[in-house]
There are 2 protein chains.
Amino acid sequence: MGITKTETYTDQTLALASIFKALGHPARIAILQYISAQSACICGDIVAELPLSQASISRHLQELKTAGLIKGEISGTSVCYCINGTQFPFLDAFIKQIQVSNTTTCCP
Amino acid sequence: MGITKTETYTDQTLALASIFKALGHPARIAILQYISAQSACICGDIVAELPLSQASISRHLQELKTAGLIKGEISGTSVCYCINGTQFPFLDAFIKQIQVSNTTTCCP
DNA sequence: ATTATATATTGCAATATTACGATTAATATT
DNA sequence: AATATTAATCGTAATATTGCAATATATAAT
């Protein structure tokens with residue numbers, strides 16, 4: 001029914017899932033890659049770069065911000081977006097944790 | 001509109017997004033963690049472990065398998081699931097790539 | 001062969017996501 | 001003050017996801 005029983009999962013599991021969910025769209029991957037590719041941070045020319053409307057980009061940026069993957073600073077009439085690195089070690093740890101078990105034992 | 005213009009993104013971007021999307025649900029995170037927590041691989045007692053119906057678990061397992069995150073081997077009447085480690089270095093590389101840019105420069 | 005067990009698949013219904021156009025809010029420029 | 005620019009928000013339509021019940025399939029045990 002499209003409902004997820006959030007109370008039955010640990011906070012960590014829910015947090016991981018929500019961050020990965022934010023990464024689970026090509027537009028948001030592309031936005032992250034674009035922001036990270038510039039040495040300085042970028043404002044609204046992400047709109048010019050991607051084949052999406054300004055409204056759609058804005059929504060994706062909002063989702064990335066909510067997930068804690070980017071920060072946005074208002075500078076005059078434009079907004080400067082940058083990578084927020086705080087969540088990535090968390091993701092990294094999860095990936096490593098899963099990966100390690102793989103190398104030890106698996107199906108015979 | 002729920003449509004994603006797949007032709008406008010690179011294959012790599014699409015691949016990353018689809019793997020992250022598969023990770024973007026707490027049930028699937030929990031399934032991965034459960035499989036990896038066991039030293040040997042596990043069959044259908046994932047159903048006993050999580051508060052979801054057998055059908056729902058089956059769907060999630062299918063999605064994880066499609067994303068290349070797990071493998072399933074039939075052994076008699078049960079299926080043995082294991083982590084498929086091939087995709088994780090790919091994810092790891094992406095995360096590192098984004099993270100690096102963060103440390104160099106960001107909003108003043 | 002029949003029954004039991006384990007997993008997969010299918011067909012819904014409820015909910016969420018995605019994207020767009022239009023509008024709004026806020027700051028800059030003239 | 002009037003206009004332009006930038007970004008967020010709202011409303012709407014199309015599509016996808018999620019989860020359950022029911023069913024199907026396949027192997028094991030009796």
Please list, in numerical order, the residues of residues 61-70 of chain A that have a heavy atom closer than 4.0 Å to any atom of DNA chain C.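 Listed by number, they are E63(A).
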
For [X], side chain to side chain donor-acceptor pair (under 3.5 Å) partners two or more places apart:
X: D92(B); answer: K96(B)
X: T77(A); answer: none
X: T13(B); answer: Q33(A), T10(B)

Open item on the list: Please check: side-chain N/O of T66(B) versus main-chain N/O of Q62(B), any donor-acceptor pairing under 3.5 Å?
Closed with: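 Yes, T66(B) side chain to Q62(B) backbone: donor-acceptor pair under 3.5 Å.
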
Is a side-chain N or O of N84(A) found less than 3.5 angstrom from the main chain of G68(A), in a donor-acceptor match?
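Between the backbone of G68(A) and the side chain of N84(A) there is a qualifying donor-acceptor contact (under 3.5 Å).
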
At a cut-off of 3.5 Å, list every protein nitrogen or oxygen paired with a nitrogen or oxygen from nucleotides 3-6 of chain C, distance to 0.1 Å.
residue : atom : partner : partner atom : Å
dA6(C)  : O4'  : T77(B)  : OG1          : 2.7
dA6(C)  : O3'  : T77(B)  : O            : 3.3

State which of [options] makes the closest approach to the side chain of [X].
X: L52(A); options: dA19(C), dA8(D), dG19(D); result: dA19(C)
X: R28(B); options: dT7(C), dT18(D), dC20(D); result: dT18(D)
X: H25(B); options: dT18(D), dA8(C), dC20(C); result: dT18(D)

Quick one: which residue pairs count as a salt bridge (Lys or Arg N to Asp or Glu O under 4.0 Å) with a foot in residues 41-56 of chain B, not counting sequence neighbours?
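Qualifying pairs: none.
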
Map A55(B) and G24(A) onto DNA chain C by nearest heavy atom, then report which one ends up closer to the 5' terminus.
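The 5'-side residue here is A55(B).
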
Q. Does S56(B) or A27(A) map to a spot on DNA chain C nearer the 5' end, using the closest nucleotide for each?
A.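 Looking at DNA chain C, the more 5' nearest nucleotide goes with S56(B).
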
Quiz item: Does dG19(D) have OP1 or OP2 sitting under 4.0 Å from an N or O in the side chain of S53(B)?
Solution: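 Checking S53(B) against dG19(D): no side-chain N or O falls below 4.0 Å of OP1 or OP2.
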
### Message
Working to the nearest 0.5 angstrom, can you tell me the gap between Y81(B) OH and I31(B) CD1?
### Response
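Y81(B) atom OH to I31(B) atom CD1 measures 9.5 Å (nearest 0.5 Å).
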
Open item on the list: In terms of relative ring orientation, are F20(A) and F20(B) parallel, tilted or perpendicular, with 30° and 60° separating the classes?
Closed with: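 Rings of F20(A) and F20(B): parallel, under 30°.
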
Using a 4.5 Å cut-off on heavy atoms from C-beta on, say whether the side chain of K71(A) contacts that of K65(A).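 When only atoms from C-beta onward are counted, K71(A) and K65(A) do not touch, as no gap falls below 4.5 Å.
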
Can you tell me whether the side chain of R59(B) and the base of dG11(C) have a donor-acceptor pair closer than 3.5 Å?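 Donor-acceptor pair under 3.5 Å: yes.
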
With a 3.5 angstrom cut-off on both distances, give the Watson-Crick or G-U wobble partner of dT6(D), or none if there isn't one.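 dA25(C) - that is the nucleotide pairing with dT6(D), both distances being under 3.5 Å.
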
